[in-house]
Asker: 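Attaching a single structure in structure tokens format; questions to follow.
Keep in mind that the numbers below use all heavy atoms, side chains included, and drop hydrogens, waters and symmetry copies. Each residue takes its place number in the sequence, starting with 1.
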Amino acid sequence: MARKFSSKPSSSIQISKPIFAYVLLFLDAILVSLIIAYVPYTKIDWDAYMSQVSGFVERERDYGNLKGDTGPLVYPAGFLYVYSAIQYVTGGEVYPAQILFGILYILNLGIILFIYIKANVIPWWALSLLCLSKRVHSIFILRLFNDCFAMTLLHAAVALILCRRWHLGLIIFSGAVSIKMNVLLYAPPLLLLMLKGMSISGVISALASAAFVQVLLGLPFLLSYPVAYISKAFNLGRVFIHFWSVNFKFVPEEVFVSKEFACCLLIVHLLLLVVFAHYRWCKHEGGLIQFLHSRVAAMKLRNAITSSFSLNQNSNLRFLTQEHIVTTLFVGNFIGIVCARSLHYQFYSWYVF
């Protein structure tokens with residue numbers, strides 16, 4: 001006998017993603033409150049942050065003299081502005097700072113939920129997985145790391161880019177870089193997406209806006225001790241202590257700290273970016289080289305746009321979906337993390353979402 005199939009809709013539970021996201025935020029806010037109330041704070045970098053900020057508030061502008069108990073200041077100027085404001089609001093006390101970071105955690109989670117809902121790449125129930133990391137709660141609420149502000153701004157920039165607010169997204173992205181430079185791991189895939197979604201003149205103006213933010217934030221230091229500021233805040237050759245690293249821990253220390261090892265990782269990083277750009281991120285455009293060639297042709301023809309170029313541009317925009325934007329940015333960042341010579345435990349917040 002032939003089997004009859006019911007025409008009734010599936011009985012599987014379907015819940016509105018935005019509503020479920022609000023429920024998750026409410027429940028996580030309760031959890032954050034309980035953590036602040038009952039879990040002891042872990043002292044790591046907070047005192048060092050406050051010492052470095054105190055020097056800045058006392059009008060010290062030589063980056064070489066801004067120090068804490070963990071060493072000299074190694075973050076760009078945005079870090080000082082953010083933590084100066086925190087010190088002013090909290091008086092340098094841990095408990096009110098934990099409340100502030102708890103609010104920041106919920107804000108960051110809300111932005112992350114918006115990104116995944118906008119990209120529409122996971123089912124509604126999978127949104128709950130974004131709230132389950134014990135370590136991320138600890139990084140935000142119990143350790144008060146500057147990674148929290150940097151990644152929240154970065155996620156805000158991604159959300160703006162999903163809404164095609166490229167210039168504002170680049171300004172917020174630059175603000176995130178000014179707090180911690182790990183955000184630059186997003187720069188290569190972001191530049192590729194900009195070339196897809198904007199005209200050449202638009203890309204140049206957006207990059208100029210991001211550069212202006214860096215100059216503006218660093219102006220007090222650039223006018224007084226420019227060499228000290230640039231060498232300390234943007235030191236790309238800094239070597240972390242092997243003992244504290246959780247990446248390449250199996251590598252002997254003498255190899256770990258060598259320039260040869262750093263160069264090898266840089267080469268692998270660049271090769272992986274090129275491979276992913278060519279075979280994954282630009283596959284609909286015929287590969288990376290074909291895509292770049294089309295953009296160069298577009299620049300040459302900017303004063304006399306042809307119909308063929310218009311079709312090519314529309315094709316690029318058609319493939320620039322929210323899913324493509326999120327996947328490209330997050331995968332590009334993770335490639336950089338895999339090739340990073342040193343990672344500390346708080347760096348987990350760079351890629352957990």
Side-chain angles (χ1 to χ4, degrees), residues 44-88 97 101 104 108 139-140 143-158 160 167-188 190-191 206-240 329 333 336-337 340-344 346-347 349-350:
I44 299 182
D45 283 345
W46 175 257
D47 291 342
Y49 291 168
M50 292 299 101
S51 297
Q52 293 161 351
V53 162
S54 296
F56 169 65
V57 172
E58 294 168 1
R59 300 187 181 279
E60 176 60 67
R61 296 297 180 261
D62 185 349
Y63 245 61
N65 294 331
L66 295 175
K67 301 178 181 179
D69 55 13
T70 59
L73 178 60
V74 294
Y75 308 120
F79 162 84
L80 289 173
Y81 296 119
V82 169
Y83 276 84
S84 294
I86 294 173
Q87 186 186 62
Y88 177 79
F101 273 79
L104 181 69
N108 179 63
I139 289 170
F140 272 80
R143 289 167 171 80
L144 316 179
F145 287 122
N146 62 331
D147 306 76
C148 305
F149 277 94
M151 296 313 298
T152 300
L153 286 179
L154 180 277
H155 293 144
V158 173
L160 287 167
H167 282 78
L168 183 56
L170 261 290
I171 290 173
I172 301 300
F173 177 85
S174 185
V177 173
S178 75
I179 297 175
K180 196 159 188 175
M181 282 203 305
N182 69 283
V183 177
L184 286 175
L185 293 177
Y186 283 87
L190 177 56
L191 177 60
L207 292 176
S209 300
F212 177 75
V213 170
Q214 293 300 319
V215 173
L216 184 64
L217 293 175
L219 198 59
F221 308 99
L222 293 171
L223 293 176
S224 51
Y225 298 94
V227 176
Y229 176 67
I230 294 173
S231 63
K232 295 290 185 180
F234 299 97
N235 182 6
L236 297 176
R238 190 159 58 101
V239 180
F240 289 92
L329 288 172
N333 173 63
I337 289 171
R341 175 163 54 171
S342 180
L343 292 176
H344 292 176
Q346 66 268 29
F347 297 175
S349 62
W350 298 1

Asker: Between atom CG of Asp147 and atom CD1 of Ile139, what is the distance when rounded to the nearest 0.5 Å?
Answerer: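 Rounded to the nearest 0.5 Å, the CG-CD1 separation comes out at 7.0 Å.
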
Asker: With a 4.5 Å limit on heavy-atom distance, are the side chains of Val53 and Tyr88 in contact?
Answerer: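 No, side chains not in contact.
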
Asker: Given 3.5 Å as the limit, does a donor-acceptor pair link the side chain of Asn146 with the main chain of Lys180, or not?
Answerer: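 It does not hold such a pair.
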
Asker: Quick one: closest heavy-atom pair of Ile171 and Val213, and the distance?
Answerer: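 Heavy atoms only, the tightest pair is CG2-CG2, 3.8 Å.
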
Asker: Considering all heavy atoms of both residues, which atom of Leu144 and which atom of Ala97 are nearest to each other, and what is their separation?
Answerer: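 Nearest pair, atom of Leu144 first, then Ala97: CD1-CB, 4.1 Å.
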
Asker: Test Phe347 against Ile337 for side chain to side chain contact (heavy atoms under 4.5 Å, CB included), laying out the working first.
Answerer: CA-CA 9 Å; Phe347 297 175; Ile337 289 171; over 6 Å; no

Asker: If we ignore hydrogens and angles and just use 3.5 Å, is the side chain of Ser174 paired with the main-chain N or O of Leu170 as donor and acceptor?
Answerer: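 Answer holds: no.
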
Asker: To the nearest 0.5 Å, tell me how far His167 NE2 sits from Ile172 CD1.
Answerer: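 It comes to 13.5 Å.
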
Asker: Hey, could you give me the CE/CG distance between Met50 and Asp69, rounded to the nearest 0.5 Å?
Answerer: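 It comes to 11.5 Å.
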
Asker: Taking side chain as C-beta onward, heavy atoms only, is Ser178 less than 4.5 Å from Gln214?
Answerer: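 With C-beta onward as the side chain, the pair touches.
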
Asker: Picking from Phe173, Phe149, Trp350, what satisfies side-chain contact (heavy atoms from CB on, under 4.5 Å) with Leu154?
Answerer: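 In the set Phe173, Phe149, Trp350, the residue that makes a side-chain contact (heavy atoms from CB on, under 4.5 Å) with Leu154 is Phe173.
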
Asker: Considering all heavy atoms of both residues, which atom of Pro220 and which atom of Arg61 are nearest to each other, and what is their separation?
Answerer: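 In this case the closest contact between Pro220 and Arg61 is CB-NE, 4.0 Å.
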
Asker: With rounding to the nearest 0.5 angstrom, report the CE to CZ distance, Met151 to Phe140.
Answerer: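 Atom-to-atom, Met151:CE and Phe140:CZ are 8.5 Å apart.
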
Asker: Grab the two heavy atoms, one from Ala77 and one from Gly218, that are nearest each other, plus how far apart they are.
Answerer: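 For Ala77 and Gly218, the tightest heavy-atom pair comes out as CB-CA, 4.1 Å.
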
Asker: Walk me through whether Leu329 and Leu190 qualify under side chain to side chain contact (heavy atoms under 4.5 Å, CB included).
Answerer: CA-CA 6 Å; Leu329 288 172; Leu190 177 56; 3.9 Å; yes

Asker: Taking all non-hydrogen atoms of both residues into account, name the closest pair between Ala228 and Gly64 and its distance.
Answerer: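 That would be CB-N, 4.4 Å.
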
Asker: Assess the residue pair Thr70 and Asp47 against the criterion (side chain to side chain contact (heavy atoms under 4.5 Å, CB included)); give the C-alpha distance rounded to whole Å, side-chain angles, the decisive distance to 0.1 Å, and a yes or no.
Answerer: CA-CA 9 Å; Thr70 59; Asp47 291 342; over 6 Å; no

Asker: I need the single residue from Tyr81, Phe234, Tyr63 that forms a ring pair (Phe, Tyr, Trp, His ring centres under 6.0 Å) with Phe221. Which is it?
Answerer: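 Single pass found, and it is Tyr63.
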
Asker: Look at the rings of Phe79 and Tyr49 and say which category their plane angle falls in: under 30° parallel, 30 to 60° tilted, over 60° perpendicular.
Answerer: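 It falls in the perpendicular class, over 60°.
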
Asker: Specify the closest pair of heavy atoms between Ser84 and Val57, including all atoms of both residues, with the distance to one decimal.
Answerer: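 Shortest heavy-atom contact: OG-CG2, 4.0 Å.
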
Asker: How far does NZ of Lys232 sit from NZ of Lys67, to the nearest 0.5 angstrom?
Answerer: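 So the gap between those two atoms works out to 7.5 Å.
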
Asker: If we only count heavy atoms from C-beta on, is the Tyr75 to Met181 side-chain gap below 4.5 Å?
Answerer: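 Sidechains of Met181 and Tyr75: no contact.
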
Asker: Rounded to the nearest 0.5 Å, what's the gap from NE2 on His155 to OG on Ser349? Could you check?
Answerer: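 Result: 8.5 Å between the selected atoms.
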
Asker: Less than 4.5 Å apart, side chain to side chain, heavy atoms only: is that true for Phe101 and Cys148?
Answerer: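 Counting from C-beta outward, Phe101 and Cys148 do come under 4.5 Å.
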
Asker: Please assess Leu73 against Leu80 for the test side chain to side chain contact (heavy atoms under 4.5 Å, CB included), listing each intermediate value before the final yes or no.
Answerer: CA-CA 9 Å; Leu73 178 60; Leu80 289 173; 3.7 Å; yes

